[in-house]
Amino acid sequence: MHPNPEQPAGLYIHIPFCQKKCLYCDFYSITDLAQTSSFLAALNREMKLAAHTDLVFDTLYIGGGTPSVLEAEAIDHIIAAAGRHFDIRAGAEITIEVNPGTVLLEDLRRYRQSGVNRLNIGVQSFRDDNLKLLGRIHSKNDALKSINWARQVGFENIGLDLIYGLPEQDESRWQADLDRAVQMTPEHLSCYQLTRESGTPLDNEVKAGRIRLPAEAHLGKLFKTTIDYLGQLGYHHYEISNFARRSDRADSTWRSRHNQKYWSFAPYIGLGPSAHSYLEPVRHWNHRSVERYMRDIQQSKLPIAATEALTREQMIMEAIYLGFRTVEGIDTREFERRFAVDFLKAFHQTITDFEKDGLLAVNNDHCRLTPAGMVLMDAIATEFTGQEVG
Ligand code: SF4
């Protein structure tokens, strides 16, 4: 197991505030916006405490929560402080997540001036009834306005988040949402399945029988529609939930450089409540509660809740799960470099069986799931991770 010293790192900053909690949300965020200024002071101190690293960063991602509930000036200060405390390369990808209904044209202009070069907009749906059901604060028109304003102030790299698998969402309704999204010509689309996380209001509504989520087979069809439809329109499906248009940039794609780090075991540092960091083979994560996070920082301590060194077996398991999420699949040469295991030999029988069923394909040192296999990703990955390797 050798970390790749050449890999540039990613810096993630978690802004733990939202105007209102959505029905399905399991991310850590609170709605008490009165705490924003003390949080920002703590974040600044956390950057100083965490700054002692040799890592070089080529991405900065400000996520949440809803970073755009902060004043644009606060975002400017965060980016400037990150640049002072960490070695962020010129030309780094700098992303901010924004939610419609929390940004105005002037905010977006200010983000650009602060160095943000990628926007991820939490549209979720272009239907007002869906947005209401999800408990979002915005309307379809708010979403359209945010995207238009972003273009108006010059953003060239815009990603939209959409959710599928809503109650009573048939294929044509979902396709209409995809259509509307594509008409806005985003560079990137993330299509997430609505999932019922335990303890969320959505979970309670489902348990009480007031909301019925679609059956697995229907979800599989919606997923297939997404891949086929976006593929025809020039969006390359590069990870289970993510699609990017081709670009004339050096890397020829609008893929999210930052998110790719999570799937390729690149090092990353996460700041803010609940944020995770990884430097092979060690992972650690911060306290979730804002109060606890701020208390540690006031005592000049890094707000780390727990640290774990992944065992070789855990790393193999993650390499399989994360590899199968991407369209390139598992890079068998890289797998051998990291674990001294010949992937194709070690899993020969399982690979052959899934190949026969058209769920998996092997070529050019990569073992990847076919679109039909991606629908069954969890079950297929489990067949691999349940086996012992040498
Ligand atoms: S805006 Fe996003 S982070 Fe905030 S509550 Fe809704 S889903 Fe969760």
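Since the model is a prediction, treat every value here as computed from it, not as a measurement. Order of appearance sets the numbers: ligands from 1, and atoms from 1 within every ligand. Only this structure's heavy atoms are used, side chains among them; waters, hydrogens and symmetry mates stay out. We number each residue from 1, following the sequence as shown.
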Residue pairs involving residues 223-241 (criterion salt bridge (charged side-chain N to carboxylate O under 4.0 Å, His left out); sequence neighbours excluded)
Lys224-Asp228, Glu239-Arg325

Please list the nearest protein heavy atom to atom 2 (Fe) of ligand 1 with its residue and the distance rounded to 0.1 Å.
Arg136 NH1, 3.9 Å

Closest protein heavy atom (residue, atom, distance) for atom 1 (S) of ligand 1:
Asn99 ND2, 3.3 Å

Atom 8 (Fe) of ligand 1: protein N, O or S atoms that are less than 2.8 Å away, sorted by chain
Cys25 SG

If a pair satisfies ring-ring contact (aromatic ring centres under 6.0 Å, His included) and one of its residues is in residues 65-107, list it, with sequence neighbours excluded.
Phe57-Phe86

Please state whether the rings of Tyr293 and Phe39 are parallel, tilted or perpendicular, taking 30° and 60° as the class boundaries.
tilted

Presence of salt bridge, Glu205 and Arg212, under 4.0 angstrom
no

Examine ligand 1 and decide if any of its atoms is less than 4.0 Å from a heavy atom belonging to Lys20.
yes

Contacts table for residues 119-128: side-chain donor-acceptor under 3.5 angstrom, sequence neighbours left out:
residue, atom, partner, partner atom, Å
Asn120, ND2, Asp161, OD1, 3.0
Asn120, ND2, Asp161, OD2, 3.2
Ser125, OG, Arg127, N, 3.0
Ser125, OG, Asn130, ND2, 3.0
Ser125, OG, Asp177, OD2, 2.8
Arg127, NE, Asp129, OD1, 3.0
Arg127, NH2, Asp129, OD2, 2.9
Asp128, OD1, Lys140, N, 2.7

Parallel, tilted or perpendicular, judged at 30° and 60°: which one describes the rings of Phe343 and Phe384?
parallel

Under 6.0 Å from the CD atom of Glu168, do we count more than 12 heavy atoms belonging to anything else shown?
no

